[in-house]
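One structure is given below, encoded as structure tokens.
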Amino acid sequence: MAFLADQLRRIKPSATIAVTDKARALKQAGRDVIGLGAGEPDFETPDNIKLAAIRAISEGKTSKYTAVDGMAELKAAVARKFKRENSLDYKSSQIIVGTGGKQVLYNALIATINPGDEVIIPAPYWVSYPEMVLLAGGEPVAVTTAMDTGFKMKPEALEKAITPKTKWIIFNSPSNPTGAAYTRAELKAVTDVLVRHPHVHVMADDMYEHLVYDDFEFFSPAQLEPRLYERTLTVNGVSKAYCMTGWRIGYAGGPEPLIKAMAMIQSQSTSNPTAVAQWAALEALDGPQDFIAKHNRIFKERRDLCVSMLNQAKGIQCPKPEGAFYVYPSCSGAMGKTAPTGKKLATDEDFVTELLETEGVAVVQGTPFGVGQAFRISYATATSALEEACTRIQRFCGNLQ
Ligand code: GLU
């Protein structure tokens, strides 16, 4: 349609949002659907956080605009968090708060990308990274990783992908969609390469930092390699660890000129993130943290359940990841087979569509994450529902001819 911007032809809708919407609509229409699409915790926002928001409303603290880049009190809490958990020092002028990690990442790309600039993105990647790069006028460069290396990028592959046009690498560990998390040694191998290429900036998306299992120790890139500090944007948010996806609060610490540019973009688009959500985020960062370990024990159980049950499904191979709340099984063993409806499964999209139609299990196909013949399961759902969903997947796979 001539009315719409040419730019839109470069991008596609978010597959994670599309599957979530589809599952919600089917449920509302009365279908028995188990949604494993949305990447969001099923747990409620903890009470102390909700109460902080209610108190802020009652005390009249939420009716006015706040500073565009986040209120001073919250920026101070973000600075404390970076210091306490990542040994990173950021002054208030180096911090921005936005409407979810998504807006923070988007602002950073819009603020820095010139036409033709390249952004390295290890694949499988979160569906929105390449699309945001394209919207900003840049070129996403995928570095494909494989299941047999735990979906982790080899330093040689990174080195090979770097060109004089590389502006950023978007690094996400633990990863959406694979759950893969880089150990200290694996991360060091990556940062060693980056140190040798001073024109490459690092967008570290640490959103799943707290969601790691089996005593895994998390490191943020600029924490592990201080020589990258000056060119790293460390992005995080309260959505996942604090069960606050709906509140939409993300934040970042980074070089002052970059943060200033991102704030300028925000000042001309959305202005401040919602005041009440900022007060809630302040309590999340400063308040008790003990529920995170409790949630993680449950997430770990669910991960183990999923991995074990999926590996018993015919044609499915499911590695065990270190973190996040996703598994990313291969369905290559089901490709070319025929479903009971008569539909031949040629792609992972066919696989997930038939699975939803016949068994009422919603998962996201792998192709939009950059590595196909696979699908993503979010196991952040009630354990009983998860068990039932895996049983249905086993039945679905068993019935393929
Ligand atoms: N990050 C989540 C997911 O991948 C939320 C949905 C989205 O924004 O993509 O499911």
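Because the structure is predicted, anything quoted here is derived from the model rather than measured. First listed ligand is number 1; within each ligand, the first listed atom is number 1.
- Using a distance-only test at 3.5 Å, with no hydrogens or angles considered, a donor-acceptor pair links the side chain of E186 to the main chain of T183.
- Annotation: cation-pi geometry satisfied between R184 and F219 (NZ/CZ under 6.0 angstrom from ring centroid, within 45° of ring axis).
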Tabulate distances under 3.5 Å between N/O atoms of ligand 1 and N/O atoms of the protein, writing both atom names on each line.
residue  : atom   : partner : partner atom : Å
ligand 1 : 1 (N)  : K240    : NZ           : 3.2
ligand 1 : 4 (O)  : W126    : NE1          : 3.3
ligand 1 : 4 (O)  : N176    : ND2          : 2.9
ligand 1 : 4 (O)  : R376    : NH1          : 2.9
ligand 1 : 8 (O)  : K102    : NZ           : 2.8
ligand 1 : 9 (O)  : T16     : OG1          : 2.6
ligand 1 : 9 (O)  : W126    : NE1          : 2.9
ligand 1 : 10 (O) : G39     : N            : 2.9
ligand 1 : 10 (O) : R376    : NH2          : 2.9

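- Ring to ring, F351 and F375 are close: their centroids are under 6.0 angstrom apart.
- Taking the six-membered ring for Trp, F171 and Y129 have ring centres at least 6.0 Å apart.
- When each of V19, T16, V127 is paired with P368, the side-chain contact (heavy atoms from CB on, under 4.5 Å) condition holds for V127 and for no other.
- By the 4.0 Å N-to-carboxylate-O rule, E322 lies close enough to K152 to be salt-bridged with it.
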